[in-house]
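Order of the sequence lines fixes the chain letters, A, B, ..., with proteins taken first and strands second; residue numbering starts at 1 for each chain.
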Amino acid sequence: MSAVRVRFAPSPTGKFHVGLARTALFNFLFARHEGGEFLLRIEDTDAGRSRIEFENEIMDVLTWLGIQWDETPLRQSDRLEIYKKEAFDLVETGKAYRCFCRHDISEKARKAIQEQGGQLGCSGACPGLDPSEISHRVSRGDPFVLRLLTPPGVTTFRDMVFGEITVDNSEMGDFVLLRSDGTPVYHLAVVIDDESMGVTHVIRGVDHLKNTAKHIQLYAALGGNAPVYAHLPMILGPDKQKLSKRHSLVPEGDRRRVLHLVEEYRDAGYLSDALVNFLALLGWSPGSGEELLSRNELVKEFMIERASKKDAIFDPEKLTWMNGYYIRSLSPERFSECCLPFLERADLISLANSAEVEYARCVLPLIQERAKTLADAAELTEYFFLKAPVMEEKAVRKHLTRPGAADKLRRLKSVWESLPAFTLEATEESLRGMAEEMGLSPGKLIHPTRVAMTGRMKGPGLFELAAALGRERVLERLEWATAIAQ
RNA sequence: GUCCCCAUCGUCCAGCGGUUAGGACUCCGGCUUUUCAAGCCGGUGACACGGGUUCGACUCCCGUUGGGGAUGCCA
């Protein structure tokens, strides 16, 4: 038996989006589940569009996602001569031929021809060209491409998720292998690389399902053994369109907004554990019905045969819920640590100021179970850091500008002023005692006090709040609020 | 145009000839709580349509409709 080897082969021509992440993840999970290798290959044959910064981002993102690759990544631009040689070898063995037909037509023109069912390939004359005619044209410098001489018949293969697929060879035609500038086309490079990397299973998007027939024909021509294929359905936006930049551009707050880049999720305060868990469930599920799965559990449970055939719509709300779950399961220390950069970004603290950082660390755990993203932490803790909290108009109206409110705050201030120790227990005991004396339910005191301390009606428990803020801030805020009250 | 593929609640999944069609997210109630969040309990909500096959179809077959993909000297 041969060990499983899979690869993730992105082209560094753009930012890393969630579709890529899903493909990488499924390859990774499959490899680890089978005890095999997960390889990385950079498909940069398109020199014009490939950029080193995208290549770096690929590795950064994979690392962030916890997807570790084995072996040194292969870069296709290092292998151009190999593809060229293999292609010309195919001409030697009569499996491919030089085509002198010109088809450098515009995008629009090509679409139009396709609409009408017209053929774009070779005119048909090139395969039968006389050898002397060929050498004459070559020496004259006529440009040509190399095309595979596709045999008649059909190509059938078994896909691990889609089952048996049959394609008539006439559908693929004599497709191009080598461009007139001598560079390989995607199909050629993929097949040669998968073969030389010893790839046993190819897991990729459905957009390649039909291309697979081409690849199998190429394997046959090249004399290699085709790997096993598994194609994954697409990931779509809420509008059922392929996930793309447009989705990230939808206004914030809109239910249809879906970020499409992995980087955007990281910056928005999503945990990679959550994104990985969520992505794993897009087009796959374990038999158990269990939905919250760690990376290790995913590896343990993953079976590509259970992958869905149906395109999946990316639901940002479920991701956000899941992110909240992962945030809650962080230790308070770890949670605080993760939030610090977000607080700095919101200008609430400076990471260089150790007193501020320490204060932040004691305050952040109070809002941990309320945060859905790390970025939420800034909004949820803002009043701790501001000299004076922003007073919400509605909160003031409901709890402060009420008869008796000022009196309550004043009395509470004097009670808390004389407390020997300003602890959670002491503040709670004294406030409740005061409520009883006044013949009020504790809530009647708690609500205006919360508004006084935070400017808001919602938030952590009042006494945790008081202890975290400290006596000085609390008394100051009670005084300010008393002035607003009456 | 041609070819390939897909089709269960709004969304993500379960189901693989006999189920009151199950779970999760969202939404709506209730409980709990000083508020919010979390948690717990409950509710709304789906087999695209039409033919077959079968004692019996969400499950199998065919067609229709809808959606996606391929058809490049992009990947």
Side-chain angles (χ1 to χ4, degrees), chain A residues 9-11 13 43-46 48-49 99 102-105 107 110-111 113-121 143-147 159 162-163 165-168 170-173 175-181 183-187 189-190 205-214 231 233-234 236 238 240-242 255 278 281-292 306 308-322 324-325 328 367-372 380 395 399 428 431-432 435 441-447 449-451 454 456-463:
Chain A
S11 58
T13 53
E43 308 224 322
D44 57 350
T45 51
D46 187 336
R49 293 196 300 145
C99 171
R102 294 294 305 223
H103 281 294
D104 44 358
I105 56 172
E107 183 85 5
R110 201 187 63 246
K111 279 270 186 288
I113 292 171
Q114 279 171 15
E115 290 304 309
Q116 290 144 31
Q119 282 294 309
L120 256 351
F144 62 85
V145 298
L146 260 35
R147 287 180 184 276
D159 185 275
F162 283 91
I165 305 290
T166 299
V167 179
D168 195 302
S170 65
E171 280 291 315
M172 64 184 91
F175 59 95
V176 171
L177 264 24
L178 208 64
R179 301 185 187 106
S180 48
D181 65 0
T183 59
V185 126
Y186 166 76
H187 306 298
V190 176
V206 254
D207 41 335
H208 288 301
L209 186 60
K210 221 178 160 189
N211 286 335
T212 302
K214 292 183 180 178
H231 288 86
M234 297 269 112
L236 311 174
K240 298 190 195 317
Q241 296 300 113
K242 199 165 166 177
R255 283 248 193 278
F278 177 74
L281 261 28
L282 227 43
W284 178 83
S285 70
S288 64
E290 204 50 56
E291 295 212 293
L292 270 355
R306 289 193 60 85
S308 162
K309 294 192 261 237
K310 206 176 102 180
D311 290 346
I313 293 172
F314 191 103
D315 178 7
E317 290 188 80
K318 184 155 183 178
L319 202 214
T320 300
W321 162 77
M322 197 173 269
Y325 167 82
R328 271 173 261 130
I367 55 89
Q368 180 168 359
E369 73 174 14
R370 293 161 182 65
K372 297 255 189 270
L380 291 169
H399 296 292
E428 174 155 20
L431 181 140
R432 288 189 190 281
S441 70
K444 290 276 185 279
L445 240 38
I446 287 171
H447 296 305
T449 308
R450 161 173 288 106
V451 176
T454 69
R456 306 180 183 187
M457 293 193 291
K458 321 175 194 181
L462 187 77
F463 309 107

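Distance Ile313(A) CD1 to U26(B) P: 17 Å, rounded to the nearest Å. One interatomic measurement links the two molecules: CG of Leu319(A) to P of U26(B), which rounds to 12 Å at whole-angstrom precision. We find that CG of Asp181(A) is positioned 8 Å from C1' of C73(B), with the value rounded to whole Å. Atom CH2 of Trp321(A) and atom P of U11(B) are 18 Å apart (whole Å). If you take CG of Leu281(A) and C1' of A14(B), they are 12 Å apart, rounded to a whole angstrom. Distance CG (Asp315(A)) to P (C27(B)): 11 Å, rounded to an integer number of Å. Atom pair Phe278(A):CZ and U26(B):P shows a separation of 12 Å (rounding to whole Å applied). Rounded to whole Å, atom P of G39(B) lies 13 Å from atom CD of Gln368(A).
Nearest heavy-atom pair across Leu462(A) and Leu431(A) is CD2-CD1, 4.0 Å. The minimum heavy-atom distance linking Leu281(A) with Glu291(A) is given by the pair CD2-O, 3.2 Å. When every heavy atom of Leu292(A) is checked against every heavy atom of Trp321(A), the shortest pair comes out as CD1-CH2, 3.9 Å. Closest of all the heavy-atom pairs between Pro460(A) and Arg450(A) is O-NH2, 2.7 Å.
Contact annotation: side chain of Ser308(A) to base of C13(B), donor-acceptor pair absent below 3.5 Å.
Base pairing of U35(B) is not made with any nucleotide, judged by Watson-Crick or G-U wobble geometry with both donor-acceptor distances under 3.5 Å. Base-pair partner of U71(B): G1(B) (Watson-Crick or G-U wobble, both distances under 3.5 Å). In this entry C55(B) has G18(B) as its Watson-Crick or G-U wobble partner, both defining distances falling under 3.5 Å. In this structure, G42(B) forms a base pair with C28(B), meeting either the Watson-Crick or the G-U wobble geometry with both donor-acceptor distances under 3.5 Å. Across the strands present, A7(B) finds its partner in U65(B); the criterion is a Watson-Crick or G-U wobble pair with both atom distances under 3.5 angstrom.
When the side chain to side chain contact (heavy atoms under 4.5 Å, CB included) test is applied to Ala395(A), the partners found at least two apart in sequence or on another chain are Glu392(A), Val451(A), Met457(A). In terms of the side chain to side chain contact (heavy atoms under 4.5 Å, CB included) criterion, residue partners of Thr212(A) (sequence neighbours excluded) are, by chain and number, Phe157(A), Arg204(A), Ile216(A), Tyr229(A), His231(A). Evaluation of the side chain to side chain contact (heavy atoms under 4.5 Å, CB included) rule for Ala312(A) yields Leu282(A) as partners, not counting sequence neighbours. Scanning for side chain to side chain contact (heavy atoms under 4.5 Å, CB included) contacts around Lys372(A) gives Thr320(A), Asp376(A), with sequence neighbours left out.
With G69(B), U71(B), C3(B) as the choices, the nucleotide that has an atom nearest any side-chain atom of Asn211(A) turns out to be U71(B). Taking every side-chain heavy atom of Lys214(A) into account, U71(B) is the closest of C25(B), A75(B), U71(B). Closest contact between the side chain of Lys318(A) and the listed nucleotides G23(B), C73(B), A70(B) involves G23(B). Taking every side-chain heavy atom of Lys372(A) into account, A38(B) is the closest of C73(B), C3(B), A38(B).
Between the P atoms of G18(B) and C61(B), the separation comes to 16 Å (whole Å). For the C1' atoms, the distance from C13(B) to G45(B) is 16 Å, rounded to whole Å. Between the P atoms of G52(B) and C40(B), the separation comes to 49 Å (whole Å). U11(B) sits 15 Å from U44(B) when the C1' atoms are compared, rounded to a whole Å. The gap from the C1' atom of U53(B) to that of C58(B) amounts to 16 Å, rounded to the nearest Å. When the P atom is compared between C6(B) and C60(B), the two are found 11 Å apart, to the nearest whole Å. Between A38(B) and U32(B), the distance separating the two C1' atoms is 11 Å to the nearest Å. Rounded to whole Å, the separation between the P atoms of G29(B) and G51(B) comes to 42 Å.
Mapping Val176(A) and Ala312(A) onto RNA chain B by nearest heavy atom places Ala312(A) at the nucleotide closer to the 5' end.
Within the structure, a side-chain polar atom (N or O) of Arg147(A) is placed less than 4.0 Å from OP1 or OP2 of C73(B). Note on Ser285(A): a side-chain N or O is less than 4.0 Å away from OP1 or OP2 of A14(B). Remark: Thr13(A) is not in phosphate contact with A75(B), judged by side-chain N or O atoms under 4.0 Å from OP1 or OP2.
Annotation: the span from Lys242(A) atom NZ to Asp207(A) atom CG amounts to 5.0 Å, rounded to 0.5 Å.
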Provide a list of protein-nucleic acid N or O atom pairs under 3.5 angstrom, restricted to nucleotides 4-9 of chain B.
from, atom 1, to, atom 2, distance (Å)
U8(B), OP2, Lys310(A), NZ, 2.1

Where do N or O atoms of nucleotides 32-35 of chain B meet protein N or O atoms at under 3.5 Å, pair by pair?
from, atom 1, to, atom 2, distance (Å)
U34(B), O2', His447(A), NE2, 3.0
U34(B), O2, Arg450(A), NH1, 3.2
U34(B), O2, Arg450(A), NH2, 3.4
U34(B), N3, Leu462(A), N, 3.4
U35(B), O2', Met457(A), O, 3.2
U35(B), O2, Met457(A), O, 3.4
U35(B), O2, Gly459(A), N, 2.9
U35(B), O2, Gly459(A), O, 3.2
U35(B), N3, Arg450(A), NH2, 3.2
U35(B), N3, Gly459(A), O, 2.6
U35(B), O4, Gly461(A), N, 3.4

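Taking the six-membered ring where tryptophan is involved, the planes of His208(A) and Tyr186(A) are essentially parallel, since the angle between them stays under 30° and well short of 60°.
Within the 3.5 Å criterion, the main-chain N or O of Trp284(A) finds no donor-acceptor partner in the side chain of Arg306(A). Panel note: side chain Asp311(A), backbone Pro233(A); no donor-acceptor pair is recorded below 3.5 Å.
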